[in-house]
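All remarks here apply to the structure that follows.
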Amino acid sequence: MRRETGHDPLHHASILPRSFFNRDPREVSAELLGKLIVRRERGKLLAGRVVEVEAYLGADDLAAHAAAGRTERNSVLFGPPGHAYVYFIYGVHYCLNISCMPEGEAGCVLVRAMEPVSGIEEMAKARGLSDLDFGSARNLRLLASGPGKLCEALDITRARDNDKDMVSPRCDLQVMEDGYLVGKVGITQRIGITKSAEMPLRYVVAGSPFVSVKIKN
DNA sequence: CAACCGATCACCT
DNA sequence: GGTGATCGGTTGC
């Protein structure tokens, strides 16, 4: 298995300002592509570049957890922007969202897939895939090509991470930017929902092999 | 390779 | 008591 280089892969990276998330989730979604999700734990640095997200809006979006109003579970969505909203789904998986909009207004971006950048061995271990050879993109994409996989790779759980401030310099779960620019952005319907399913709110880096599913037109 | 299915939890009605 | 912003293994074209 290939080793990480000694040089810090986030040397040129900086934390996004909170204002980045203080607006409509659709704007945030388009610009979040190419940014970095960073996990720091036990002296290790785990990071991936976002290649797929979905926007979830407020009361008009019946697929959003916030649609029925504020509850104890979804209260993070109504809090300040830039916080992690983590929920448990289908009895098996966690999903990571980042809250958007000013405090008091709901909205978020679901982080659905990322290209692994740093801490490949750690992520593989967390995914139970330590035996694979990650020299090939074919295996590399197994690490975080879906919201549940991404959370497993970064060891994200509701108990541990819900409501964490992802734009705080001291947080062990952060969003960063390093000047990387994505190419063409594709927009499709969201995955796996039934209500408000027709709205085109899924944003992917066109041609990336690290996205979850390719949607046929 | 598409389609189906089981796992099995938190939340809301 | 029903539902769901998923995944991975299996089945059957």
Side-chain angles (χ1 to χ4, degrees), chain A residues 21 24-26 28-30 32-33 37 48 50-79 81 83-101 106-114 116 123-132 134 138-163 166 173 175 186-205 209-217:
Chain A
F21 294 100
D24 190 292
R26 286 164 287 205
V28 177
S29 289
L32 196 60
L33 296 176
I37 303 295
V50 177
V51 297
E52 174 181 347
V53 298
E54 285 177 359
Y56 285 86
L57 316 178
D60 296 335
D61 180 4
L62 297 181
H65 285 184
R70 184 175 191 149
T71 66
E72 188 174 350
R73 176 213 201 186
N74 68 20
S75 63
V76 174
L77 297 176
F78 294 84
H83 283 238
Y85 172 55
V86 181
Y87 64 89
F88 197 56
I89 190 77
Y90 299 128
V92 186
H93 302 285
Y94 292 97
C95 292
L96 170 68
N97 304 255
I98 307 176
S99 63
C100 301
M101 301 293 280
C108 68
V109 174
L110 168 65
V111 187
R112 287 191 49 90
M114 65 182 189
M123 289 193 256
K125 194 173 167 186
R127 293 271 297 114
L129 300 172
S130 296
D131 295 339
L132 295 185
F134 292 100
R138 184 183 176 78
N139 282 341
L140 203 54
R141 82 171 290 282
L142 298 177
L143 292 177
S145 57
K149 298 178 193 177
L150 184 152
C151 283
E152 192 171 52
L154 296 180
D155 196 18
I156 291 170
T157 66
R158 175 174 153 85
R160 180 184 184 191
D161 299 302
N162 190 45
D163 201 25
M166 295 185 69
L173 183 63
V175 206
I187 303 179
T188 75
Q189 294 183 353
R190 294 174 292 185
I191 306 287
I193 59 169
T194 53
K195 300 175 222 167
S196 296
E198 65 295 336
M199 308 177 83
L201 296 176
R202 173 174 176 256
Y203 301 73
V204 301
V205 174
F210 298 99
V211 302
S212 59
V213 283
K214 318 270 183 190
I215 298 283
K216 37 209 178 278
N217 288 350

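First the proteins, then the strands, lettered A, B, ... as listed; each starts at 1.
A straight line from CZ of Arg127(A) to P of dC7(C) spans 8 Å, rounded to a whole angstrom. Distance NZ (Lys195(A)) to C1' (dG2(C)): 11 Å, rounded to an integer number of Å. Distance, His65(A) NE2 to dT13(B) P: 13 Å, rounded to whole Å. If you measure from atom CZ of Arg202(A) to atom C1' of dA5(C), you get 12 Å, rounded to the nearest angstrom. In this structure, CG of Leu150(A) is placed 12 Å from P of dG8(C), rounded to the nearest angstrom. Residue Gln189(A) contributes atom CD, which lies 15 Å from atom P of dA5(C) at whole-angstrom precision. The CG atom of Asp61(A) sits 14 Å away from the P atom of dG4(C) (whole-angstrom rounding). Across the protein-nucleic acid pair, Leu142(A) atom CG and dG9(C) atom C1' stand 14 Å apart, rounded to whole Å.
The main-chain N or O of Tyr56(A) is never found under 3.5 Å from a side-chain atom of Arg190(A) such that the two would form a donor-acceptor pair.
Judged by distance alone with a 3.5 Å cut-off, a donor-acceptor contact links the side chain of Tyr87(A) to the base of dA5(C).
Taking the nucleotide of DNA chain B with the nearest heavy atom to each of Ile89(A) and Glu72(A), the more 5' of the two is matched to Ile89(A). Between Ala64(A) and Lys149(A), the residue anchored closer to the 5' end of DNA chain C is Ala64(A), taking for each the nucleotide with the nearest heavy atom.
DNA chain C lies under 4.0 Å from no heavy atom of any residue of residues 151-160 of chain A.
Listed nucleotides: dG4(C), dC9(B), dC7(C). Nearest to the side chain of Phe88(A): dC9(B). Of the listed nucleotides (dG4(C), dC7(C), dC11(B)), dC11(B) has the atom at the smallest distance from the side chain of Arg73(A).
How far CG of Leu150(A) is from CZ of Arg112(A): 10.5 Å, rounded to the nearest 0.5 Å. Atom OH of residue Tyr94(A) and atom CG of residue Leu154(A) lie 14.5 Å apart, to the nearest 0.5 angstrom. Here the CG-NZ distance, from Leu143(A) to Lys125(A), works out to 14.5 Å after rounding to the nearest 0.5 Å. Put simply, OH on Tyr203(A) and CZ on Arg26(A) are 7.0 Å apart, with the number rounded to the nearest 0.5 Å. Between Gln189(A) atom CD and Arg202(A) atom CZ the span is 10.5 Å, to the nearest 0.5 Å. Leu96(A) contributes atom CG, which lies 10.0 Å from atom CG of Asn162(A) (distance to the nearest 0.5 angstrom).
Crowding of Arg138(A) atom CZ: a count of heavy atoms from other residues, nucleotides or ligands under 6.0 Å not exceeding 12.
Ring-plane geometry between Tyr85(A) and His65(A) is classed as perpendicular, the angle between the planes exceeding 60 degrees on a 0 to 90 degree scale with a lower cut at 30.
Put simply, Tyr56(A) rests on the base of dA5(C): the two rings are less than 5.5 Å apart at their centres and nearly parallel, under 30°.
Here Ser212(A) does not reach the OP1 or OP2 of dT6(C): none of its side-chain N or O atoms lies under 4.0 Å away.
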Given the rule that a pair is Watson-Crick or G-U wobble with both distances under 3.5 Å, how would you write DNA chain B in dot-bracket, using | for pairs to a different strand?
|||||||.||||.
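Checked options Val111(A), Thr157(A), Ile89(A), Ile156(A); the residue passing with Cys151(A) is Ile156(A) (criterion: side chain to side chain contact (heavy atoms under 4.5 Å, CB included)).
Residue contacts for Thr71(A): at a heavy-atom cut-off of 4.0 Å it reaches the sugar-phosphate backbone alone, with no base atom in range. In this structure, Asn74(A) reaches neither bases nor backbone, as no heavy-atom distance under 4.0 Å exists between it and the strands shown.
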